[in-house]
Amino acid sequence: MSFYVTTPIYYVNAEPHLGHAYTTIAADVMARHHRQRGEEVFFLTGTDEHGEPVADAAHALGVEPQQLADQNAERFKALAPLLGASNDFFIRTTDPQHMAGVQEVLARVRENGYVYEGTYEGWYCPRCADFKADNEIDEGNRCPIHHIELTREQEDNYFFSLASFQERLEQLYRERADFVSPRTRYNEALSFIRSGLRDVPLTRKRLAWGVPVPWDSEHVFYVWFDALLNYYTALGYAPVPQGLPAGTDLTATFWPASYHVIAKDILRFHAVYWPALLMAAELELPEHVFVHGYLLMEGEKMSKSLGNVLDPFAVIERFGADALRFYLLRDVPFGQDGSVSTASFELRYDSELANELGNLASRVIAMVHRYRRGFIPEATPDPVLRSDFGDLREEVSALIDRAELTQALDAIWQRVRRLNRYVEERAPWQLAKDVARAGELDCVLHSLVGGLRIVAILLLPYLPATMATLLGALRATPELAGARWDADGPPPGEPIARIDSLFPKTPEGSPA
Ligand code: ME8
């Protein structure tokens with residue numbers, strides 16, 4: 001089994017912000033979950049460095065585009081490990097191997113008869129690097145995303161004959177109801193297709209900052225074709241991930257992608273242009289495109305060009321990467337828009353991470369030490385918990401297979417709460433007072449450690465640092481196989497370890 005997940009490649013016209021962090025975290029949860037299943041996984045992220053958005057930003061700063069790209073690509077690259085992201089490669093579209101790959105694929109598209117010369121005239125947003133259709137223009141000829149005035153552009157271009165894929169795209173959507181999800185995004189993409197596709201520019205003549213068109217040195221490729229192809233070209237030159245035999249052909253192993261994770265701003269490119277381009281190049285189509293919503297600050301999409309940006313570097317410094325990962329996937333239903341704020345961060349941190357999960361872990365470990373000298377007692381797991389934990393692993397896997405990351409997290413969290421209730425119901429401190437009830441206490445402690453082990457394994461993709469600490473303390477393995485209700489307990493002989501508080505509270509009650 002192989003699993004290939006990607007994030008969009010982010011523009012280097014400014015620094016990374018929380019919106020970028022969000023997609024990277026989500027894709028990382030999927031990658032880590034599939035690795036836990038023992039699958040071969042490739043997780044790709046990177047930066048989109050060509051085109052007008054970057055050339056214009058560099059111009060405004062009085063630097064060369066390459067210089068701006070180098071500087072900001074470093075910041076995006078540095079963000080990934082700070083987020084706890086386990087990406088297998090970081091692609092930059094200025095990589096010479098990527099550029100050669102783009103030229104090769106697009107020359108093939110031309111040989112296959114899908115490229116012709118023409119003149120384009122239309123309304124253009126330089127921030128989106130996108131020509132707008134008539135129904136995508138806001139009042140006053142403005143971009144609906146960036147609110148800036150659109151420019152009227154007329155250009156001699158090479159065109160990609162998107163319209164010739166009308167029928168095949170409709171067929172794709174008919175045959176594969178899960179090609180794009182959630183359903184609202186599927187409907188949106190399909191209605192765009194049904195409204196009638198028009199051919200789109202494949203190259204730009206006026207712009208120098210891009211991948212040169214091999215058959216006409218006056219042109220560079222339109223940045224979106226260069227960018228989309230990263231998902232394919234990366235596999236041609238990325239290093240082989242650990243655990244796979246040296247010399248593995250990554251394209252043969254991982255193409256086509258299992259999931260492209262994106263936000264709705266770039267739906268049309270991924271749900272319409274991308275499959276058409278792959279058809280034109282005779283390459284296999286991805287299995288799924290998952291479209292999440294926007295993180296909103298004060299009701300507006302967070303975006304560098306709007307200037308209402310929450311800095312993920314600052315957030316991580318204050319709350320830690322695990323807390324950020326948890327908050328974003330817990331508070332904003334994955335697939336929908338949602339507001340984020342420092343106040344709701346702190347609430348989730350205190351009430352859920354510190355009180356519900358952190359305290360549960362501390363209490364269980366402390367009781368095993370107090371009543372059983374740190375050794376997990378031999379016992380049969382309490383059947384009372386069976387219905388709550390029996391199918392949890394399967395339930396979570398099925399949800400993550402559909403990229404329903406918030407629902408999967410909620411399913412796990414209900415069990416965290418169940419374990420807390422179980423502690424209260426069984427009151428081990430009462431059982432410990434009565435030697436005749438030692439067997440009962442063994443069963444309760446054994447079941448609590450077992451339940452905690454299961455939730456920690458399932459939470460590991462969401463909370464990789466803290467759950468690795470907890471699993472280490474419980475002497476449990478991180479593989480999903482161990483998250484079975486009837487799995488063997490930890491190896492006897494070694495006591496479970498005491499650990500520091502997983503989610504410490506500050507004296508004021510808010511994390512510092
Ligand atoms: O569009 N909420 O790059 P980009 C949620 N280079 N997600 C957000 C977000 C927000 N407020 N803001 C950004 C590009 N994102 C192109 C992509 S792919 C072949 C080329 C995330 O830097 C989200 O994933 O504008 C969105 O789709 C992406 O960043 C846009 O990043």
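Just so you know, these numbers come straight off a predicted model, no measurement behind them. Heavy-atom basis, side chains included; hydrogens, waters and symmetry copies ignored. Whatever order the structure lists ligands and atoms in, that order sets their numbers, starting from 1.
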Ligand 1 versus [X], non-hydrogen atoms closer than 4.0 Å: side chain, backbone, both, neither?
| X | answer |
| --- | --- |
| Asp48 | side chain |
| Tyr231 | side chain |
| Asp265 | side chain |

Self-check item: Thr406 (side chain) donor-acceptor with Leu329 (main chain) under 3.5 angstrom
Solution: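 Indeed, once roles are kept as given, a pair shorter than 3.5 Å links the two residues.
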Practice problem: Would you check if the side chain of Gln36 reaches a backbone N or O of Pro478 as a donor-acceptor pair within less than 3.5 Å? | Solution: yes
Self-check item: Candidate list Trp224, Tyr114, Phe221, test side chain to side chain contact (heavy atoms under 4.5 Å, CB included), partner Leu202, passing option
Solution: Phe221
Geometry only, no angles: is [X] polar-contacting ligand 1 at N/O separations under 3.5 Å?
| X | answer |
| --- | --- |
| Trp224 | no |
| Ala227 | no |
| Ala263 | yes |

Practice problem: Check the angle between the aromatic planes of Phe225 and Tyr273 and answer parallel, tilted or perpendicular using the 30° and 60° thresholds. | Solution: parallel
I want to confirm something. Looking only at heavy atoms, which of [options] is nearest to [atom]?
| atom | options | result |
| --- | --- | --- |
| atom 17 (C) of ligand 1 | Ile9, Thr7, Asn230 | Ile9 |
| atom 24 (O) of ligand 1 | Thr47, Thr23, Val291 | Thr23 |
| atom 9 (C) of ligand 1 | Pro16, Ala21, Gly19 | Gly19 |

Exercise. Using a strict cut-off of less than 4.0 Å between a Lys/Arg side-chain nitrogen and an Asp/Glu carboxylate oxygen, indicate whether Lys205 and Asp216 qualify as a salt bridge.
Key: no
Quiz item: Thinking salt bridges, do Glu111 and Arg108 make one under a 4.0 Å N-O criterion?
Solution: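 Between Arg108 and Glu111 there is no salt bridge, as every charged N stays at least 4.0 Å from the carboxylate O atoms.
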Quiz item: Taking the non-hydrogen atoms of His270, is any one of them nearer than 4.0 angstrom to ligand 1?
Solution: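 It does, in that a heavy atom of His270 comes within the 4.0 Å cut-off of ligand 1.
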Self-check item: Non-hydrogen atom of Pro53 closer than 4.0 Å to ligand 1
Solution: no
Practice problem: Could you check Tyr462, Phe503, Phe345 and say which one makes a ring-ring contact (aromatic ring centres under 6.0 Å, His included) with Tyr327? | Solution: Phe345
